[in-house]
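Heads up: the structure comes next, in structure tokens.
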Amino acid sequence: MPRLHVPQPPTRPGDKPDFSYVALSPAGVIPKPEVQARSRDMEDVAHGLVRVLDDRHEAVGQWNPQLDAEDLQVGLRHMLLTRIFDDRMQRTQRQGKISFYMRSYGEEAVAVAAAMALQPGDMLFPSYRQQGIYMVRGKPLVELMCQLLSNTRDMCKGRQLPVMYHWNAGRIFSISGNLTTQFPQAVGWAMAAAIRNEDHIAATWIGEGSSAEADFHHGLLFAAVHQAPVIMNIVNNQWAISTFQGTAGGEQRSFAARGPGYGVPGIRVDGNDFLAVYGVTQWAAQRARTGGGPTLIELVTYRASAHSTSDDPSRYRPKEDYEHWPLGDPVERLKNHLIARGEWSEKQHKELHAELDAHVVASWKEAVSFGALNEGPRLDRHLMFEDVYKDFPDNLRRQSEQLAEEIKLNAELGLAAPKE
Amino acid sequence: MAQMNMIQALNSAMDVTMARDPSVVVMGEDVGYFGGVFRVTDGLQRKYGEHRVLDSPISEGGIVATAIGMAVNGLKPVAEIQFADYIYPAVDQIASELARLRYRSAGDFTSPVVIRAPCGGGIRGGQTHSQSPEAIFTHICGVKVVMPSNPYDAKGLLIAAIEDEDPIIFFEPKRIYNGPFDGDPNKPAVPWSTHPKGDVPEGHYKVPIGKSEIVRPGGAVTIVTYGTMVYVCEAAARKLNIDAEIIDVRTMSPLDIDPICSSVKKTGRCVIAHEATRFCGFGAELSASIQEECFWYLEAPIQRVAGWDTPYPHAFEWEYFPGQARVALALRAAMGDEQQ
């Protein structure tokens, strides 16, 4: 008799953390296929775990991108900056300066290594947890902070929740609050690049939870049909708010293994291993750029923080989970590798941390001078009515005028008018 | 009777029906172990088990589609869409399937699914956590559309919805989950324990679907509204000292138009208020239906109060939200020269 299966996470609050369900491979053992290999001839990379950094902090195996120390130090800087930025912004939310925040703690390599392995002209379609790509592409922190503050310099003109950045000039697509929508859009962008004979490729990121949306299928389908030059990343950080990766279908097969079903190579990679993420992205980018089509990459990592400032993970998972996560911490691992190579020291690391923290603090000081959601100068409220269409229609003109009347009336009714 | 907020009342509705009817199942994102991001399903999985309270994958289309299949096979699914703003991937399943199954099979198949979805703004949710998409669904023939405005109605309507033989989209105005809200964000929050509709029977009872309610009798003007706007309208009428009759629509489809028209014929004046965008909002249907029936009784043009015709902007939440001033402008216009 059939019996309904209900996936269960291995541990709940109060339990001892247990990650025995995470299939691991030793560093360096997964062979790297030829860049033009057929999907069907490389299905094993969808099940293993590509790792480059071993337990002695050495880089081993075919996927090692052989980066020089300077590149690795740049990567470390971007990851550390992402982490410090996240920490500080989380605190400003707790102080009521911004309304909402989402950290990428523990997942910094996923965004930073991938963005570094791509070219500046490649188009990125992130979800809300890849702020590291903004660090790599050099967006001034002040501009990100002004978005978080919804202030007079907010790139979104007050229309979006914090974190929903965009940067067309930096080739980073507008973040949606709806999940997975960007995944097939990236495929469309890549199809256009192929139609227009451009060299650039697209890359997109979703969480493993978001792979449940139908847009995931749409993306893989069109990418496979048209062999679009696109890299499709699934960030498997184990948790989608309160539901673990099994609820999204991760119990039966790896998320990477969904690629081969469509004829798209799937690669499962250690998402906390900067070098492995870099190496796999570089391979997929080369494949896409040389006409080999799309690649699906599953980045195995752990959402070390809450889903957002509205979430409390202590309700549904053990508090000390992250300390036991078998793939460690991405910042620590790259730091230790550089130290093992003799190209970095604890002292340098401390200095870097202090330098970046000072940069974040100074940027914040500048950003708040342009106002905050509830204090200081505010955006012109008329902006609310703009950009619905290119031209300004009459109904919105009337509504904008009515709003001015309402604000006058508030005083008469003894109501506090919305702040100017 | 017990004191309940809307969250507790909705939870109690599911609890009561699940205890009475083993075919009732609850499903949705984070609704099981966690109890829902707004806690509406808190404790139900512990009580009724994992086969009756299912944590769904993040797939709104999948949630509604599988709920239809379950209903066809004899279950009564109560599916949560975490925010009404996330319902759009499920629209094909709702519009083309859920709504039409009875019709296209001449009653051979039916699918009595309840879809619960928190809606509305006022929680700093920005454009993807603030929408009021009820008019998209009232335009679909074959689904009923409900929105309660208080704990008593929330529980009674949800029980009625679960026991209804037709599919129902059940919108929950999340700004008033914890207490009535008069549109003034600077005032301290008021809990439901201060409101008579926060008294909720612990057991089984129903509030009929398809019935509006006069929540404040009056003779000078009829205000037709629902959800959070009930309280904003009450406050505005009080401030202007207008003897308004306020009707809470409660069920948008099928619409209980007769009591609304009776009231408008009595007052000769009408203001319609909702949070959703004005253009082609549900107020347009109300206005047209009232005008058809009450034209010869009207002393002034029917006024509409609504959200602006823009997406819901994060930083301009209170400029977008139709607060007391917007209602007051409409009331003054509806009252015409008598008040000037």
Side-chain angles (χ1 to χ4, degrees), chain A residues 4 6-8 12 99-100 150-151 154 156-162 164 176-180 207 209-215 240-243 247-249 310-311 315-316 373 378-379 381 383-385 388 393 395-396 399-400 402-403 405-410 412-418, chain B residues 29-37 49-51 54-63 82-83 85-86 88-89 92 124-129 183-187 235-236 239-240 278-279 306-326 328-329 332:
Chain A
L4 188 74
V6 178
Q8 292 298 339
R12 286 297 192 185
S99 61
F100 176 80
S150 302
N151 69 13
D154 173 7
C156 300
K157 297 187 178 172
R159 295 167 189 152
Q160 278 269 49
L161 272 181
M164 307 295 162
S176 174
N178 294 67
L179 299 178
T180 330
S210 298
S211 73
E213 293 281 10
D215 273 339
I241 308 188
S242 77
T243 51
T247 305
S310 306
D311 177 37
R315 281 174 173 275
Y316 52 78
L373 190 57
R378 276 198 87 202
L379 283 164
R381 71 174 77 92
L383 289 170
M384 166 171 55
F385 298 99
V388 181
N395 61 323
L396 292 180
Q399 293 181 2
S400 178
Q402 194 193 322
L403 177 60
E405 252 185 279
E406 277 177 26
I407 286 171
K408 275 188 234 147
L409 187 56
N410 273 322
E412 200 184 310
L413 296 177
L415 295 164
Chain B
E29 295 155 19
D30 301 289
V31 302
Y33 182 88
F34 189 47
V37 297
E50 287 154 357
H51 283 191
L54 292 159
D55 275 318
S56 305
I58 302 172
S59 174
E60 294 77 17
I63 289 168
Q82 195 164 80
F83 286 84
D85 314 65
Y86 300 160
Y88 304 115
D92 187 35
R124 278 280 182 235
Q127 51 154 16
T128 51
H129 304 81
D184 183 353
N186 299 307
K187 274 199 347 210
K239 283 234 166 73
L240 297 187
R278 175 185 171 98
F279 191 82
W308 307 128
D309 294 334
T310 74
Y312 213 117
H314 174 254
F316 304 109
E317 177 142 56
W318 302 115
E319 287 94 337
Y320 180 93
F321 185 89
Q324 290 177 39
R326 201 169 307 164
L329 283 173
R332 285 183 174 175

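Just so it is clear: chains get the letters A, B, ... in the order the sequence lines come, proteins before strands, and each one is counted from 1.
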Exercise. Between A/Tyr316 and B/Tyr33, does the ring centre distance come in under 6.0 Å?
Worked result: no
Over all heavy atoms of both residues, which pair between [X] and [Y] is shortest? Give the atoms and the distance, please.
X        : Y        : value
A/Ala240 : B/Asp30  : O-OD1, 3.6 Å
A/Ser150 : B/Ala315 : CB-CB, 3.8 Å
B/Gln127 : A/Arg159 : CG-O, 3.9 Å
A/Arg381 : B/Phe316 : CA-CE2, 3.5 Å
B/Ala328 : A/Leu413 : CB-CD1, 3.8 Å

With a 4.5 angstrom heavy-atom cut-off, is it the side chain or the backbone of [X] that approaches chain B, or both, or neither?
X        : result
A/Leu396 : side chain
A/Asp154 : neither
A/Lys157 : backbone
A/Glu412 : side chain
A/Leu179 : side chain
A/Asn395 : side chain

For this session: Flag the one option from B/Thr128, B/Asp55, B/Asp309 with the top tally of heavy-atom pairs under 4.5 Å to chain A.
Result: B/Asp309
Exercise. If you count heavy-atom pairs under 4.5 Å with chain A, which of B/Phe34, B/Trp308, B/Tyr312, B/Phe279 comes out on top?
Worked result: B/Trp308
Shorter than 4.5 Å, heavy atoms on both sides: which option in [options] has the most such pairs with chain B?
options                      : result
A/Gly207, A/Ser99, A/Ala212  : A/Ala212
A/Asp215, A/Thr180, A/Thr247 : A/Thr247
A/Leu161, A/Val6, A/Thr243   : A/Leu161

Exercise. Taking B/Arg326 for the side chain and A/Gln402 for the main chain, is one N or O donor matched with an acceptor at less than 3.5 Å?
Worked result: no
Exercise. Is there a donor-acceptor pair closer than 3.5 Å between any side-chain N or O of B/Asp85 and the backbone N or O of A/Asn178?
Worked result: no
Taking the side chain as everything from C-beta on, heavy atoms only, tell me whether [X] gets closer than 4.5 Å to [Y].
X        : Y        : result
A/Gln399 : B/Arg278 : yes
A/Phe100 : B/Arg124 : no
A/Glu213 : B/Ile58  : yes

Say you draw a straight line from [atom1] of [X] to [atom2] of [Y]; how long is it, rounded to the nearest 0.5 Å?
X        : Y        : atom1 : atom2 : answer
B/His129 : A/Ser310 : NE2   : OG    : 8.0 Å
B/Glu50  : A/Leu4   : CD    : CG    : 10.0 Å
A/Leu383 : B/Thr310 : CG    : OG1   : 11.5 Å
A/Leu415 : B/Gln324 : CG    : CD    : 4.5 Å
B/Leu329 : A/Lys408 : CG    : NZ    : 10.0 Å

Exercise. With a 4.5 angstrom heavy-atom cut-off, which part of B/Glu317 approaches chain A: side chain, backbone, both or neither?
Worked result: neither
